[in-house]
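Take a look at the structure set out below.
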Amino acid sequence: MPWLLKSEPDVFSYADLVRVGREGWNGVRNYQARNFLRQMREDDLCLFYHSNARPTGVAGVARVVREAYPDDLQFDPASEYFDPASTPDSPRWSMVDVAPVFDLPAVLTLDTLRTLPEWQDSPLTRRGSRLSVLPVTPGQFRAALRAAGVEDRDGLIGGGR
DNA sequence: GCCAACGTTGGC
DNA sequence: GCCAACGTTGGC
């Protein structure tokens with residue numbers, strides 16, 4: 001299943017992901033988002049979304065390269081993501097690792113996404129939604145890449161479901 | 001920088 | 001278990 005990951009580009013952009021090659025997606029501190037992280041499978045594709053940006057929108061596509069494991073920051077007292085209530089025996093928060101796949105020719109803006117029929121009923125376009133990790137249907141994924149002008153390469157976008 | 005919407009916290 | 005207060009998210 002494809003996903004969407006939000007990141008503030010001032011903090012960590014898609015270009016940063018390309019630069020580092022691979023990144024641990026830690027610091028998620030919302031239960032719904034965490035539960036989605038735990039459902040991610042290796043090689044699942046992710047739309048990499050820039051929030052709090054100009055413009056806001058999808059900047060590239062990433063891929064899950066390691067499935068959920070305990071978020072390292074929850075045990076680090078020096079981290080702003082430290083959670084004193086979490087223990088190594090039963091970690092409360094999870095993270096995955098992601099790697100870049102390709103960037104989009106231009107940012108696929110939120111405004112454009114809102115025009116796509118497939119995206120009418122998504123937590124992303126729903127007013128007031130703050131979910132930072134959310135599932136994307138294959139139809140939404142295909143429609144997004146099509147709107148971004150990306151041709152299907154090697155059947156990446158897929159046909160089924 | 002503003003502020004609406006939302007999730008979490010904590011007193012009761 | 002309710003709900004007011006508070007902090008955060010994120011578009012604008």
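Chain letters run A, B, ... following the sequence lines, proteins first and then strands; every chain starts at 1.
With 3.5 Å as the limit, one finds no donor-acceptor pair spanning the side chains of A/T125 and A/R114. A/T115 and A/T112 share no side-chain donor-acceptor pair at under 3.5 Å. Between the side chains of A/N26 and A/D72, at least one donor N or O sits under 3.5 Å from an acceptor N or O. Checked by atom type, the side-chain pair A/W25/A/D97 shows no donor-acceptor distance below 3.5 Å. Side-chain contact annotation: A/E8 with A/S51, donor-acceptor N/O pair under 3.5 Å absent.
Nucleic acid contact for A/L124: none, since no nucleic acid atom lies under 4.0 Å from a heavy atom of the residue.
Checked by atom type and distance alone, the side chain of A/S122 pairs as donor or acceptor with a backbone atom of A/L124 at under 3.5 Å. In this structure, A/Q140 contributes its side chain and A/E118 its backbone to a donor-acceptor pair below 3.5 Å.
Using five terminal pairs a side, the axes of the helix from B/dG1-C/dC12 to B/dC12-C/dG1 at its two ends make an angle of 10°, given in steps of 10 degrees.
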Apply side chain to side chain contact (heavy atoms under 4.5 Å, CB included) to the pair A/H50 and A/S13, showing each step before the final yes or no. CA-CA 7 Å; A/H50 285 174; A/S13 68; 3.8 Å; yes

What's touching nucleotides 4-11 of chain B from the protein side, N or O pairs under 3.5 Å?
{"unit_1": "B/dA4", "atom_1": "O3'", "unit_2": "A/R127", "atom_2": "NH2", "d": "3.0"}
{"unit_1": "B/dA5", "atom_1": "OP1", "unit_2": "A/R127", "atom_2": "NE", "d": "3.3"}
{"unit_1": "B/dA5", "atom_1": "OP1", "unit_2": "A/R127", "atom_2": "NH2", "d": "2.4"}
{"unit_1": "B/dC6", "atom_1": "OP1", "unit_2": "A/R127", "atom_2": "O", "d": "3.4"}
{"unit_1": "B/dC6", "atom_1": "O2", "unit_2": "A/R130", "atom_2": "NH1", "d": "2.2"}
{"unit_1": "B/dC6", "atom_1": "O2", "unit_2": "A/R130", "atom_2": "NH2", "d": "3.2"}
{"unit_1": "B/dG7", "atom_1": "O4'", "unit_2": "A/R130", "atom_2": "NH2", "d": "3.1"}

